[in-house]
Asks: 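One structure, pasted below without further comment.
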There are 2 protein chains.
Amino acid sequence: MKSAINSSYHLDSVDKEIIYMLMDNAKTSLAHISKNVGISTTAVHQRIKKLEQAGVIENSISFLNPRKIGYKVVSYIGVFLDQPSYYHDAVKALKEVNEVVEAHYTTGNYTIFLKVLCRDNDHLMEILNKLQKLKGVTRTETFISLEQSINRQLKV
Amino acid sequence: MKSAINSSYHLDSVDKEIIYMLMDNAKTSLAHISKNVGISTTAVHQRIKKLEQAGVIENSISFLNPRKIGYKVVSYIGVFLDQPSYYHDAVKALKEVNEVVEAHYTTGNYTIFLKVLCRDNDHLMEILNKLQKLKGVTRTETFISLEQSINRQLKV
DNA sequence: AATGAAAACCCCTCTTT
DNA sequence: AAAGAGGGGTTTTCATT
């Protein structure tokens with residue numbers, strides 16, 4: 001059953017339990033989920049398939065822990081462009097910078113807003129220099145995360 | 001083999017190939033990885049176990065797509081605290097707000113920097129009101145993401 | 001650190017209600 | 001939507017190099 005464009009998939013309590021288990025560990029077995037939610041493995045499987053087809057559950061991924069391979073600095077960088085028309089070229093250039101893990105076109109102060117991972121502050125300086133050389137970039141503003149106290153997915 | 005505190009785990013080219021495949025899809029089978037990297041499934045399995053034990057690869061998770069369940073607004077919110085000593089209490093309170101998916105203690109303008117997911121702008125306004133009632137919060141500054149053009153993990 | 005073989009486990013389909 | 005049964009594939013362990 002496909003839902004109409006822009007309408008939201010309705011999750012019942014069993015769906016939510018299943019999703020939270022998979023959000024916590026993508027490899028949770030059907031048998032384990034089955035025991036927890038009280039329906040058969042087949043029923044769990046059918047629900048997961050439906051949720052995947054609807055796009056509610058997306059592909060599972062393994063996380064690389066940046067800290068463990070020497071990336072200790074998390075920062076957010078607001079980028080000012082003197083003309084918004086440079087946005088698309090800037091994004092194209094930013095995709096070539098591996099340290100940039102998020103880029104947003106935002107309302108508010110900045111034209112582009114970035115999340116950037118670096119090994120250390122020297123490395124961050126390099127990235128800032130690189131950013132400031134991009135066409136149309138007039139200025140950047142950096143927030144360094146000293147401590148990430150919350151990092152999780154949405155709970156509904 | 002445990003690495004010393006603060007030293008980085010050394011990844012060889014085979015490790016990296018394995019990690020990138022798992023970062024793309026946590027459920028990539030050992031057989032498939034084996035064919036790609038040219039070592040046996042058992043060897044792949046041993047390497048993955050080592051990487052997991054070292055914490056380089058973290059638990060795999062399934063993604064809930066916020067948009068599909070009606071969460072359309074991604075925003076970043078800088079929070080000003082009149083005293084940094086309120087930080088810990090603020091974090092405790094923020095953990096109770098499901099819409100807050102990241103919180104950072106930052107250098108720069110803001111004391112706390114948040115990533116917040118909301119259904120729509122009205123919902124965002126509710127969250128902003130909630131935040132402004134927290135003890136020590138003097139002001140907030142909001143950036144709404146109109147388009148997320150990059151969203152990925154670190155590549156090394 | 002890597003291998004092949006065997007055991008244990010799990011996913012997925014089919015059939016039925 | 002949900003259940004049980006069975007085949008095929010996958011993970012995991014074991015012994016060996």
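Hydrogens, waters and symmetry mates play no part in the numbers below; they use all other heavy atoms, side chains included. Every chain is numbered from 1 and lettered A, B, ... according to where its sequence line falls, protein lines coming before strand lines. For clarity, every value in this text was computed on a predicted model and none was experimentally measured.
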Asks: Figure out the CD1/P separation between B:Ile48 and D:dT10, and round it to whole Å.
Replies: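 My rounded result for the distance is 14 Å.
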Asks: Counting only distance, no hydrogens or angles, is the base of C:dG4 paired donor-acceptor with the side chain of B:Thr42 under 3.5 Å?
Replies: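 A donor-acceptor contact between them is present.
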Asks: Compare side-chain N and O positions of B:His45 against OP1 and OP2 of D:dT11 and report whether any pair is under 4.0 Å apart.
Replies: no
Asks: Looking at C:dT3, D:dA2, C:dT13, which one has an atom nearest to any side-chain atom of B:Gln46?
Replies: C:dT3
Asks: Report which part of the nucleic acid A:Ile39 touches: base, sugar-phosphate, or nothing (heavy-atom distance under 4.0 Å, all strands).
Replies: sugar-phosphate
Asks: Rounded off to whole Å, could you give me the CG-to-P distance for the A:Leu30 and D:dG6 pair?
Replies: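 Interatomic distance, CG of A:Leu30 to P of D:dG6: 19 Å.
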Asks: Find the distance A:Ile33:CD1 to C:dC9:P and express it as a whole number of Å.
Replies: 18 Å
Asks: Any ion pair linking B:Asp15 and B:Arg47 (charged N to carboxylate O, less than 4.0 Å)?
Replies: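 Answer for the salt bridge query: yes.
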Asks: Tell me the interatomic distance from B:Asp12, atom CG, to C:dA2, atom P, rounded to whole angstroms.
Replies: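 It is 8 Å, rounded to the nearest whole Å.
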Asks: Using side chain to side chain donor-acceptor pair (under 3.5 Å), reason through B:Thr140 and B:Gln132 one step at a time and then give a plain yes or no.
Replies: CA-CA 7 Å; B:Thr140 62; B:Gln132 271 145 6; 2.8 Å; yes
Asks: Flag the pair A:His104 / B:Phe143 as yes when their ring centroid distance falls below 6.0 Å, and as no otherwise.
Replies: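 They do not qualify: ring centres at least 6.0 Å apart.
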Asks: NA contact type, A:Ser40, heavy-atom cut-off 4.0 Å: base, sugar-phosphate, or nothing?
Replies: base
Asks: Respond yes when some side-chain nitrogen or oxygen of B:Lys49 is under 4.0 Å from OP1 or OP2 of D:dT13, and no when none is.
Replies: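 Result: yes.
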Asks: Would you kindly give the NE2-to-P distance between B:His32 and C:dC11, to the nearest whole Å?
Replies: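 After rounding, the reported distance stands at 20 Å.
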Asks: Counting heavy atoms from C-beta on, name the nucleotide in D:dT11, D:dA2, C:dC10 closest to the side chain of A:Arg47.
Replies: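 So the nucleotide nearest the side chain must be D:dA2.
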Asks: Can you confirm if the aromatic rings of B:Phe113 and A:Phe113 lie within a centre distance of less than 6.0 Å?
Replies: yes
